[in-house]
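To start, the structure itself, in structure tokens.
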Amino acid sequence: MLTRRIIAIGVLVIGAGLGFLLFRSVQTGHTDIIARHPFHLGLDLSGGSYLLYKADISQLPAAEVNDSMDALRDVIERRINAFGVGEPVIQVQTGQVAGEKEHRLAIELPGVTDIDKAIATIGQTPFLEFRIQSDQPPIQQGSVDKNGVISVNADETQTFVPTGLDGKYLKHAQLTFAQGTGTPEVSIQFNDEGSKLFEKITKENIGKVIAIYLDGSVISAPVVREAIAGGTAQITGNFTPEEAKQLVGRLNSGALPVPISLVSTQTVGATLGSEAIHRGVNAAAIGFILIAIFLILWYRLPGIIAVLALSIYVVITLLLYKFIPITLSAAGIAGFIISIGMAVDANILIFERFREERAKGHTITEAISVGFDRAWLSIRDANTASIIIAIILFWFGTSLIKGFALTFGLGVAVSLLSAILITRLFLRALPTLEGTRIGKFLFSSGFHL
């Protein structure tokens with residue numbers, strides 16, 4: 001019993017300390033570890049930027065479209081995260097426009113209200129592609145040596161056809177400087193599949209021009225003199241060192257598997273804003289206080305224990321939202337509030353089973369033990385069903401639904417642990433005062449003595 005009480009006091013002190021630090025980080029902005037992980041608010045609460053890009057899939061086989069769009073989304077997400085914009089929402093959209101099927105990428109950047117900054121965050125969209133000269137007389141200028149050094153600009157009146165070799169085969173890029181001249185170049189290395197394809201293309205097109213396109217424009221067009229093995233090439237052009245370094249960074253952050261073009265931009269204001277957040281917090285606080293009063297008046301000492309356990313649950317859940325982190329939209333906050341209701345429900349089930357066991361003549365200690373055992377089955381089934389629903393909503397839902405599902409599912413999981421571990425620990429650590437009038441009063445229920 002003494003060990004349980006010591007553990008219970010420790011949990012209570014830790015919970016109170018974390019709650020204080022959480023409150024202080026929100027109110028005063030201190031630079032402790034908790035304050036350095038702010039809550040991430042969604043577009044509807046903090047405002048931000050919305051960008052819509054159109055993907056050009058005209059050169060892709062139908063079977064590769066979905067995989068390429070998923071890869072495109074991953075590349076853009078890596079690029080945005082590299083610039084420090086937290087919790088972007090990036091979705092692939094498919095629809096009919098003017099009778100034609102289009103694939104688009106919708107990007108939401110919470111907290112970024114400057115459109116130019118939003119576009120700069122994503123950066124230009126380098127699409128690297130190798131094309132071969134069509135069956136026209138080859139241009140006898142320029143060369144490609146054994147190391148794949150590429151030079152000489154192409155005559156843009158020539159016709160070039162895609163080879164299938166593009167940025168998705170890129171392994172890495174690095175900034176180099178030409179020997180002798182010291183001009184900046186971009187050295188690229190293909191992966192194994194790309195290296196084999198590059199060697200095959202150069203072997204089959206000796207004497208022809210291979211043009212290197214970046215964002216649809218020719219930046220270099222050498223004549224192939226021999227097959228090039230190893231999958232290494234140098235991109236030359238009128239680069240400044242800064243431009244070459246920037247291109248290297250963008251290629252390494254993820255070469256786009258398909259070219260995209262910016263269709264529209266929009267600055268999204270906080271439709272709910274700080275006033276709505278303030279009202280929502282007040283409503284949640286008032287609701288929690290009313291629930292706490294009911295639990296204390298109806299269940300007395302167990303009700304006080306439930307309020308303490310629920311308070312620790314709220315603190316733990318909010319800290320998880322900070323550190324994971326989770327973007328909180330209006331729907332996400334609703335999911336959190338509903339999960340609090342699930343936590344209250346678990347405590348009520350436990351206390352009602354406790355009352356039933358007391359009515360059968362069991363002692364307080366026996367009623368606590370048996371009551372928890374009987375309540376556990378109902379709590380387990382109800383919370384498991386809720387978590388399954390949250391997973392289904394997150395898997396198939398849109399970004400709005402996913403926000404609700406994530407906060408709701410996480411909250412239910414934490415509430416399950418809170419009810420079974422924390423509430424049980426506190427109750428079993430209490431002195432029961434068995435056989436005394438005050439013990440009967442503290443562990444009875446209802447508005448009667």
Side-chain angles (χ1 to χ4, degrees), residues 4 7-8 11 14-15 18 42 87 284 287-288 291-292 294-295 298-299 302-303 305-358 362 366-429 445:
R4 291 175 186 166
I7 295 174
V11 171
I14 292 173
L18 290 175
E87 294 302 307
F288 187 86
I291 290 173
F294 168 78
L295 289 173
W298 189 260
Y299 294 108
I305 296 301
V307 172
L308 293 175
L310 287 173
S311 299
I312 295 176
Y313 155 76
V314 170
V315 170
I316 292 174
T317 305
L318 291 178
L319 288 176
L320 288 175
Y321 291 168
K322 269 177 168 279
F323 284 94
I324 289 179
I326 293 176
T327 298
L328 293 176
S329 62
I333 292 175
F336 169 59
I337 293 174
I338 293 176
S339 71
I340 295 178
M342 295 293 295
V344 173
D345 179 66
N347 282 273
I348 289 176
L349 282 172
I350 292 169
F351 298 152
E352 287 300 318
R353 293 295 182 269
F354 169 77
R355 287 180 63 189
E356 292 175 1
E357 297 307 315
R358 286 286 289 157
H362 289 137
E366 292 172 343
I368 290 174
S369 179
V370 177
F372 267 100
D373 292 340
R374 291 187 58 199
W376 162 244
L377 297 178
S378 298
I379 294 172
R380 180 198 62 190
D381 294 345
N383 283 268
T384 300
S386 297
I387 292 173
I388 292 174
I389 290 172
I391 293 173
I392 293 173
L393 289 175
F394 184 84
W395 189 268
F396 294 102
T398 61
S399 59
L400 181 66
I401 301 300
K402 285 184 176 180
F404 170 83
L406 185 58
T407 55
F408 175 65
L410 180 61
V412 169
V414 176
S415 72
L416 180 63
L417 297 176
S418 171
I420 295 301
L421 298 180
I422 299 178
T423 303
R424 183 172 188 172
L425 173 65
F426 285 173
L427 278 178
R428 298 187 69 179
S445 301

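Quantities reported herein were computed from a predicted structural model and do not represent experimental measurements. When reading the values below, keep in mind they use all heavy atoms of this one structure, side chains included, and skip hydrogens, waters and symmetry mates.
Once rounded to the nearest 0.5 Å, the distance linking OG1 of Thr384 with CD1 of Ile389 reads 11.0 Å. Atom CG of Asp345 sits about 10.0 Å away from atom CD1 of Ile350, to the nearest 0.5 Å. The distance from the OH atom of Tyr299 to the CZ atom of Phe294 is 5.5 Å, given to the nearest 0.5 Å. Between the CG atom in Leu349 and the CG atom in Leu377 there is a gap of 11.0 Å [rounded to 0.5 Å]. Interatomic distance, CG of Leu410 versus OG1 of Thr317, reported as 6.5 Å (0.5 Å rounding). For the atom pair OG1 of Thr407 and CD1 of Ile337, the computed distance is 9.5 Å after rounding to the nearest 0.5 Å.
Using cut-offs of 30° and 60° on the angle between ring planes, the pair Phe336 and Tyr313 is parallel.
Side chains of Thr423 and Phe351 form a contact here, defined as non-hydrogen atoms less than 4.5 Å apart. Side-chain atoms of Leu393 and Phe408, non-hydrogen and from C-beta on, never get closer than 4.5 Å to each other. For the pair Val307/Ser311, a side-chain contact is recorded, criterion being any heavy-atom separation below 4.5 Å from C-beta on. By the 4.5 Å heavy-atom criterion applied to side chains, Ser415 and Asn383 are counted as neighbours.
For Gly371 against Arg353, the heavy-atom pair with the smallest separation is O-CB, 3.4 Å. Scanning all heavy atoms of the two residues, the minimum distance from Ala405 to Ala390 falls at CB-O, 3.3 Å.
In this structure Ile291 satisfies the side-chain contact (heavy atoms from CB on, under 4.5 Å) test together with Leu295, Val344, sequence neighbours excluded. For Ile391, the side-chain contact (heavy atoms from CB on, under 4.5 Å) test picks out Ile387, with sequence neighbours left out.
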Practice item. Could you check Leu310 against Val314 for side chain to side chain contact (heavy atoms under 4.5 Å, CB included), going step by step and ending with a plain yes or no? Key: CA-CA 6 Å; Leu310 287 173; Val314 170; 5.5 Å; no
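Residue pairs meeting the side chain to side chain donor-acceptor pair (under 3.5 Å) criterion with at least one member in residues 369-380, sequence neighbours excluded: Glu356-Arg374, Glu357-Arg374.
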